[in-house]
Amino acid sequence: MHEKFLQPYNPKDTEDRIYTLWEESGMFNPDHAVRMGVTDPKAEAFSIVLPPPNVTGQLHLGHAGMLTIEDIMVRFHRMDGKKTLWIPGTDHAAIATQSKVEKLLAKDNIRRHDLGRDAFLEHVQAFAHASQETILHQVKKMGASIDWSRLAFTLDDEREKAVHTAFIRMYHDGLIYQKERIVNWDPKGQTVISDDEVVHEERAGMMYTFKYSADFPIAIATTRPETKLGDTGVAVHPNDPRYQAYIGKTYTCTFAGQELEIRIVADEAVDPEFGTGAVGLTPAHSMTDWEIAERHDLPMKKVINEYAKMTVGMEGVLGQKTTVAREAIVAWIREQGLLEKEESITQNISTAERTGGIIEPLPKMQWWIDTEKKIIIPHNTIPGLDPQTPYSLKEVMLHVVQSGATNILPDRFEKVYYHWIEKLRPWNISRQIWYGHRIPVWYTKEGAPVLPKEQKLVFMRHGQSEYNVAGKIQGQYNAPLTETGREQARTAAASLVGTSFSKIICSDLDRAHETANIIAKELGLSVEVWPELREIDAGTLSGAPHHETLDTLAYVIQSGTGETLAELEARARIVVEKIKNMNTSEDILFVGHSTFTSLVFAVWHNIPAQDFLAKHGVWELSHTETEQIIRLHYPTDETLTQDEDTLDTWFSSGLWTFSTMGWPDSSQDLKEFHPTSVLETGYDIIFFWVARMILMTTYLLGTVPFKTVYFHGLVRDEQGRKISKSLGNNIDPLELINDYGADAVRMALIIGTGPGQDSKIGENKIKAYKKFANKLWNISRFILEQTHEVAYIPDYTYHADDQKLLDAQRALITEITEEMRNYKYYLVGEKLYHYMWHTLADDIIEDSKAIFAADDTQKKLSRQQFLIHTLSTCLKTLHPFMPYITEEIWQLIPDHHKDNSHMLMVQAWPQK
RNA sequence: GUACGAUUAGCUCAGUUGGUAGAGCGUCCGCUUGACUCGCGGAAGGUCAGAAGUUCGAAUCUUCUAUCGUACACCA
């Protein structure tokens, strides 16, 4: 037995070492796990993306809870034999990060406009970078078995390409448009925000009922008299008997020194019961008034500016803050004897989520996403939708949840989701801040928009050749197409009708050239031959049968008689350079070969061939199957100026499940891991993120982003309060890990949490699981002490007593396996705790003491076998919950107690 | 206002299709028991928020009420 067991379990001496062991093993990466023979290459995939934390600082307990649940999912599915991928990343969180940095700079009396856009962005980037480092460190400390080789950031180059491609496509489909509309203007943050970023706060206010002037026929009520300077109409209910005579008439009057022209209109939106039953309409400064005014074609008069100051009015009003102007106007109304009623009410006012600024509705030119326009969804493969029928984004978003293509847990959030979609207005996606994806639109001097041109470079494999039929390696041997191959080319051509290729470029080998010719003829295109596109020179293997397991490339390299990897890479580089120098942004179809195309992809993406092959292997393309690379051509005309605005941070987050997998280019990850299996996130971002991901993914990929959404609850403090900075109840997960170990923190965070259920956590709870870790440590010590000289016998026939214990254990495993599949982690955690402490330790081990003291060697051996078996079963089942201590104990178990030498992390989940 | 959720032991929560109320922590009493004092043995503690109904039987199903919470909508 290892001497470590002479001391109580010490997480501090264990966790970092174990994490390094996992990381260095490469097993967080599913491709590596397959290569090492741990995962079956044909295994089902399980993939999730980490909801990227904002780079605004550091993680809190809520993040820790999220990481725990996700890591449990991932570790369970990995052990259950799935090809398991968890992608890490962080979110630039535009407004949040920018305002954080602005606050930091304000301490040194620096404002962003003093610095200028570029210098300010350097500050933000430095901050974001430091913050990201902190966050990633915390993620590791929690024990997250996440694939660091795929780390992404919502604002890095790859994600920018995805964002721009998405924007361009939506623009051309008319889903993104620019329009002057009334928006939620945040005077404090000096930017527009979306409807979802507005939070309502209850405040005390005054409501005034008055007439514009003595001879105006109708009295109106308002809480904001200063906006009345911008009134252009009064709305009444069409059936209100009191006002029938006035409908359609226009009155002029002088209100607080301002000439007003007011038309009376009838609109259903007016509640005749409320106030005077008449609404003064201020189209420029009220959402609902704007909508009514639009229906009746009333003019709009802007009287408040971006700093919430009056732009018109008498002395004491003009140039004043709205709040000051209000008092002046109320005083005037009172003096004139126009005031009919004045009452104090509680009203809800709109504030900005991030800055707390009071929203000033203003008309502004902004970019919007239209969710009502019906369009043909490209590549639509969503079950239940006809690919040829136009749908609105709204309809699709509703459909995928209603049809169960995406399943939401717990169910009750489906209703919340539907409700949100039904009342969804156009989504404002432009922000007047600097940090974020700058809108990829340039303007001519005349103001005409210019967008980057998207170029599609599509790579197709040739049709079937005679050597393909014969199952032989071709390399550069010139085998002709078969009749089937020609048919495949014709079918491919038919499917390409309507695409916009300007020409076809093909390899000079007959099978590619002929395929290209057939397609070119059908589509009326020219064919250009590039000998550089040839398949790999297979040397002496040309004509030989395929290797049983190796792909052709690996086989050729191994043979040493054909092209070397370096030569291939060099040739691929020539091709890539040639493409880049072509000086065209037209779409091009390349017809070539599977293996060599893989190399072109690697070089194009600046991945060394060695790494590319290690990660993905070569493309295994079937005949006439295509892969694509998207190249964006940006405007180069110096007289153009780029839009000053940036995109809503949720625009880039909405692409997250696939922008992290190489989209818009083809990738192995997209094929294997998308749609993702589960999205695990907080229910507080159902609209911001979940709905937007569904919107973006269904439109851009024609699929759902995830099959299941699992909403976790909020983590609260011991008193059930929300964790917040102002309350000062924010506990740093790192401190807790330092005091109790990550395993204990994880257990405390998982137990007592169901989907959608808020959970409370305090140090006592964590302490309890630290004790449990130690208990497990001592259980292991006892078992190892009593069994170390015994070798494990896998199919041992147990004594009847032990068989009974084993049956009970198996029943438990069946039960918890089912619960793991149903996301009932909290239940499993509790059951394992109970089994290990109160069954294994209290009963089984206690009984064993007598057995080991007695002389019955049969019975003794049976119990020893049972304990060896049980310890490893316990470690395996508990591993997703408490990965560190279980792995540590596993490493200390002698080899003759194990089936294999792999780490616990990649052991198979017990079947029985 | 509308919708949703919660209400079970002092605290935090389980309770799967209705079949005699469960766990952890805490509390109290005892124990230097050869794995473990980060421990062991034992005990107390609940009209399952309230009312009505369905049922042979309700924490569980239905209706209403109360309290708390969340989201959405907000009316000038």
Side-chain angles (χ1 to χ4, degrees), chain A residues 1 5-10 195-196 198-200 202 207-209 219-225 227-228 231 234-236 269-282 286-289 292 345 347-350 410-420 422-423 683-684 686-687 713-714 716 718-722 740-741 744 747-748 751-754 756-786 815 818-819 822 824 826-827 829-831 833-834 837-838 841-842 845-846 848-849 852-853:
Chain A
M1 198 189 56
F5 281 115
L6 299 175
Q7 300 288 325
Y9 175 64
N10 185 350
D195 295 339
D196 299 286
V198 175
V199 284
H200 299 286
E202 250 190 21
M207 187 156 81
Y208 307 95
T209 307
I220 55 153
T222 185
T223 53
R224 297 194 61 190
T227 64
K228 298 293 106 184
D231 280 15
V234 163
V236 297
V270 180
D271 175 6
E273 304 295 315
F274 188 88
T276 62
V279 186
L281 297 175
T282 323
S286 156
M287 298 280 171
T288 45
D289 293 3
I292 296 174
I345 54 158
Q347 58 171 350
N348 275 326
I349 59 155
S350 304
D411 301 344
R412 62 188 151 91
F413 285 110
E414 286 187 10
K415 241 186 193 172
V416 180
Y417 173 82
Y418 296 144
H419 181 239
W420 180 79
E422 276 152 21
K423 58 115 211 157
Y683 60 77
D684 49 333
I686 178 167
F687 311 134
L714 263 44
R716 296 170 178 279
E718 260 168 327
Q719 284 123 60
R721 299 175 304 180
K722 233 178 178 171
Y740 304 104
M747 276 299 261
I751 294 200
T753 63
Q757 197 66 47
D758 291 355
S759 69
K760 295 174 199 173
I761 188 165
E763 297 217 13
N764 278 336
K765 198 170 173 185
I766 304 170
K767 216 181 274 175
Y769 293 108
K770 181 174 191 249
K771 291 182 183 176
F772 175 58
N774 197 53
K775 185 74 182 178
L776 177 64
W777 187 250
N778 285 305
I779 289 170
S780 308
R781 179 211 294 208
F782 176 83
I783 294 178
L784 293 177
E785 233 169 30
Q786 299 297 330
E815 203 177 300
E818 187 60 24
E819 283 159 352
N822 291 320
K824 297 188 173 174
Y826 55 101
L827 268 183
E830 268 180 54
K831 282 180 184 174
Y833 177 102
H834 194 260
W837 202 311
H838 299 298
D842 289 355
I845 285 183
E846 286 308 317
S848 304
K849 289 175 185 171
F852 294 147

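Just so it is clear: chains get the letters A, B, ... in the order the sequence lines come, proteins before strands, and each one is counted from 1.
- A side chain to side chain contact (heavy atoms under 4.5 Å, CB included) with A:W420 is found for exactly one of A:I686, A:D195, A:D196, namely A:D196.
- Taking side-chain N and O atoms only, A:K831 has no distance below 4.0 Å to OP1 or OP2 of B:G24.
- Taking side-chain N and O atoms only, A:K423 has no distance below 4.0 Å to OP1 or OP2 of B:C72.
- Considering only side-chain atoms of A:V279, the nucleotide from B:C72, B:A76, B:A71 that sits closest is B:A76.
- Nearest nucleotide to the A:R781 side chain, out of B:A73, B:A35, B:C40: B:A35.
- Using atom P as the reference point in both B:A9 and B:U47, the two lie 9 Å apart (nearest Å).
- For A:K228, whose side chain is taken as the heavy atoms from C-beta onward, the closest listed nucleotide among B:A35, B:C40, B:A76 is B:A76.
- Atom CG in A:N774 sits about 15 Å away from atom P in B:A35, given to the nearest Å.
- At whole-Å resolution of the value, OH in A:Y9 and C1' in B:C38 are 13 Å apart.
- When heavy atoms are screened at a 4.0 angstrom cut-off, A:E846 is found touching base atoms of the nucleic acid.
- Here A:S780 does not reach the OP1 or OP2 of B:A35: none of its side-chain N or O atoms lies under 4.0 Å away.
- Applying the 4.0 Å criterion to OP1 and OP2 of B:G39, one finds that A:W777 has every side-chain N and O outside that range.
- B:A23 and B:G46: their C1' atoms are spaced 14 Å apart (whole Å).
- Considering only side-chain atoms of A:R412, the nucleotide from B:C36, B:C25, B:C4 that sits closest is B:C4.
- Interface remark: the A:Q347 side chain does not form any donor-acceptor pair with the B:A76 base, using a distance-only criterion of under 3.5 Å.
- B:U70 is paired with B:A3 under the Watson-Crick or G-U wobble criterion, all donor-acceptor distances under 3.5 Å.
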Contact string for nucleotides 14-23 of chain B, one letter per nucleotide 5' to 3', B = base within protein heavy-atom range under 4.0 Å, S = sugar-phosphate only, - = neither, reads SS--------

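- With hydrogens and angles ignored, no donor-acceptor pair under 3.5 angstrom links the side chain of A:K415 to the base of B:C4.
- Residue A:L281 is tested with A:D231, A:I220, A:D289, A:T288 for a side chain to side chain contact (heavy atoms under 4.5 Å, CB included); the sole match is A:D289.
- Rounded to the nearest Å, the gap between the P atom of B:U62 and that of B:U16 is 14 Å.
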